[in-house]
Amino acid sequence: MTTSSSERGVSLGMPELPAPAYPDDVRARLETDAREIVARYPDSRSALLPLLHLVQSEEGHVTRTGMRFCADVLGLTTAEVTAVATFYTMYRRRPSGDYQVGVCTNTLCAVMGGDVIFEELQEHLGVGNGETTDDGKVTLEHIECNAACDFAPVVMVNWEFFDNQTPESAKRIVDDLRAGRPVAPTRGAPLCTFKETARILAGFPDEREGAVEATGSAGPASLVGLKLAKGEAAPARVVHPRGEVPQDTPPHEPSPTEHLSSHDAPQDTSASDPAHPSGPAAEEGE
């Protein structure tokens, strides 16, 4: 008995059929939203990124139908739209969960425990990177730096911050998400589904009560440089690699001009100290 090439999963290079269109009612609704988005820009092509978020809010990922819609609205080819949709990781190309759970595994979060959190969540949920749980609730992925190193290790759910996580706290988060229990980010707006997040990123207001007023901020370590730039004196930290700080040692109060790190202070080099010129550079072998 023989099997056909299609049964064996072998492609014969046949061209892919055009993407189906949205149902009339869906298309009419999306066209109304699309006109509002396009009107924000002097060049309609600039509306492509928010339009991709708009179609992602419809189905939870950017489908071929969604890309065809964007191309039709902006007068682009589907190839041009596809090139953008496949470049940015914020656009999903396949069905995913209601909650995108991202574990930062960049340098600082990794050494603070991010790698362990990610590994334990994979085992706990029974999924790999970029995979979704069977109930369609959670998609797990490792993500790059989210500029929240002060609070490492950081987990993000639909781009909202969950700071200073541990494997146990991260497991509680995903368990609560799957069970439908309320989950509150450490800072920022209340949590919503990925489709709702996509619509907000398309530029439509978050109309939930208190969502706009909710905010977050950088941690104290990130603000040290800003304080120094403003002439404020930041508290110095004396690190004792071994043993504890003697109890009778008074805290050091730096002056406003004092540097916290020797790497920031002017050094007595040949360029800055006329009394110690370096002289001409010697040629190799001299």
Side-chain angles (χ1 to χ4, degrees), residues 5-6 9-102 129-132 136-147 156-160 188-208 211-212:
S5 58
S6 60
V10 177
S11 173
L12 298 179
M14 298 296 291
E16 191 172 32
L17 294 175
Y22 283 121
D24 291 342
D25 59 329
V26 174
R27 184 177 180 89
R29 173 166 47 79
L30 290 177
E31 284 178 342
T32 300
D33 290 337
R35 284 193 293 270
E36 182 178 337
I37 293 173
V38 173
R40 303 171 190 159
Y41 301 92
D43 183 348
S44 63
R45 187 188 182 108
S46 300
L48 179 54
L49 295 182
L51 277 181
L52 285 169
H53 282 300
L54 175 66
V55 297
Q56 185 160 250
S57 73
E58 184 65 30
E59 299 176 88
H61 67 293
V62 177
T63 62
R64 292 176 57 238
T65 297
M67 288 189 285
R68 173 184 170 182
F69 173 82
C70 293
D72 291 345
V73 168
L74 299 177
L76 302 174
T77 66
T78 53
E80 290 174 306
V81 175
T82 301
V84 175
T86 56
F87 180 82
Y88 294 103
T89 57
M90 60 188 173
Y91 301 121
R92 312 297 175 184
R93 296 300 312 282
R94 58 185 180 183
S96 56
D98 294 332
Y99 300 99
Q100 305 282 330
V101 176
N129 181 46
E131 295 180 352
T132 303
K137 293 292 186 180
V138 171
T139 297
L140 178 68
E141 62 180 353
H142 70 79
I143 53 179
E144 295 299 315
C145 182
N146 284 280
M156 300 197 80
V157 181
N158 293 348
W159 310 120
E160 299 295 346
L191 198 62
C192 59
T193 67
F194 184 67
K195 288 183 180 181
E196 292 169 328
T197 301
R199 182 169 177 81
I200 295 169
L201 291 175
F204 293 97
D206 188 342
E207 298 178 348
R208 295 174 299 156
V212 175

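These numbers were taken from a predicted model, which means no experiment stands behind them. Because only heavy atoms are used, hydrogens play no part in the values below, and waters and symmetry mates are left out as well, while side chains stay in.
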- Task: Would you check if the side chain of Gln56 reaches a backbone N or O of Met90 as a donor-acceptor pair within less than 3.5 Å?
- Result: yes
- Task: Working to the nearest 0.5 Å, report the span between CD of Glu141 and OG1 of Thr132.
- Result: 9.5 Å
- Message: Using side-chain contact (heavy atoms from CB on, under 4.5 Å), reason through Leu52 and Tyr88 one step at a time and then give a plain yes or no.
- Response: CA-CA 11 Å; Leu52 285 169; Tyr88 294 103; over 6 Å; no
- Interatomic spacing from CZ in Arg94 to OG1 in Thr63 - rounded to 0.5 Å: 15.5 Å
Can I get a per-line list of side-chain donor-acceptor pairs under 3.5 Å for residues 79-87, giving both atom names and the distance, sequence neighbours left out?
from	atom 1	to	atom 2	distance (Å)
Glu80	OE1	Thr77	N	2.9
Glu80	OE1	Thr77	OG1	3.3
Glu80	OE2	Arg45	NH1	3.4
Thr82	OG1	Thr78	O	2.7
Thr86	OG1	Thr82	O	2.8
Thr86	OG1	Ala83	O	3.4

- Considering all heavy atoms of both residues, which atom of Ala19 and which atom of Thr65 are nearest to each other, and what is their separation? CB-N, 3.8 Å
- Task: Start with the C-alpha distance between Leu191 and Tyr99, add both sets of side-chain angles, then the distance that settles side-chain contact (heavy atoms from CB on, under 4.5 Å), and finish with yes or no.
- Result: CA-CA 9 Å; Leu191 198 62; Tyr99 300 99; 4.1 Å; yes
- Please report the closest heavy-atom contact between Ser57 and Lys195, naming both atoms and the distance. CB-O, 3.3 Å
- Item | Residues Cys70, Leu76; criterion side-chain contact (heavy atoms from CB on, under 4.5 Å); working and verdict | CA-CA 8 Å; Cys70 293; Leu76 302 174; over 6 Å; no
- Item | Distance, nearest 0.5 Å, that separates CD1 of Ile37 from CZ of Arg40 | 5.0 Å
- Item | Asn129 (side chain) donor-acceptor with His142 (main chain) under 3.5 angstrom | yes
- Message: The criterion is side chain to side chain donor-acceptor pair (under 3.5 Å); which residues satisfy it with Thr193, sequence neighbours excluded?
- Response: Glu196
- salt bridge (charged side-chain N to carboxylate O under 4.0 Å, His left out) contacts touching residues 19-29 (sequence neighbours left out): Arg27-Glu31, Arg27-Asp72, Arg29-Glu58
- Taking Asp206 for the side chain and Ile200 for the main chain, is one N or O donor matched with an acceptor at less than 3.5 Å? no
- Task: Measure the CG-CE distance between Asn146 and Met156 for me, rounded to the nearest 0.5 Å.
- Result: 4.5 Å
- Mark yes or no for whether Asp33, through its side chain, and Val55, through its backbone, hold a donor-acceptor pair below 3.5 Å. no
- Under the salt bridge (Lys or Arg N to Asp or Glu O under 4.0 Å) test, residues paired with Glu131 that sit two or more places apart: none
- Note on the structure: d(Asn158 CG, Leu201 CG) to nearest 0.5 Å is 9.5 Å
- Nearest-0.5 Å distance that lies between atom CZ in Phe69 and atom CG in Leu54: 6.5 Å
- Task: Write out all pairs satisfying ring pair (Phe, Tyr, Trp, His ring centres under 6.0 Å) with one or both partners inside residues 30-53, taking only residues at least two apart or from two chains.
- Result: His53-Tyr91
- Task: Please name all residues satisfying side chain to side chain donor-acceptor pair (under 3.5 Å) with Ser96, sequence neighbours left out, ordered by chain then number.
- Result: Gln100
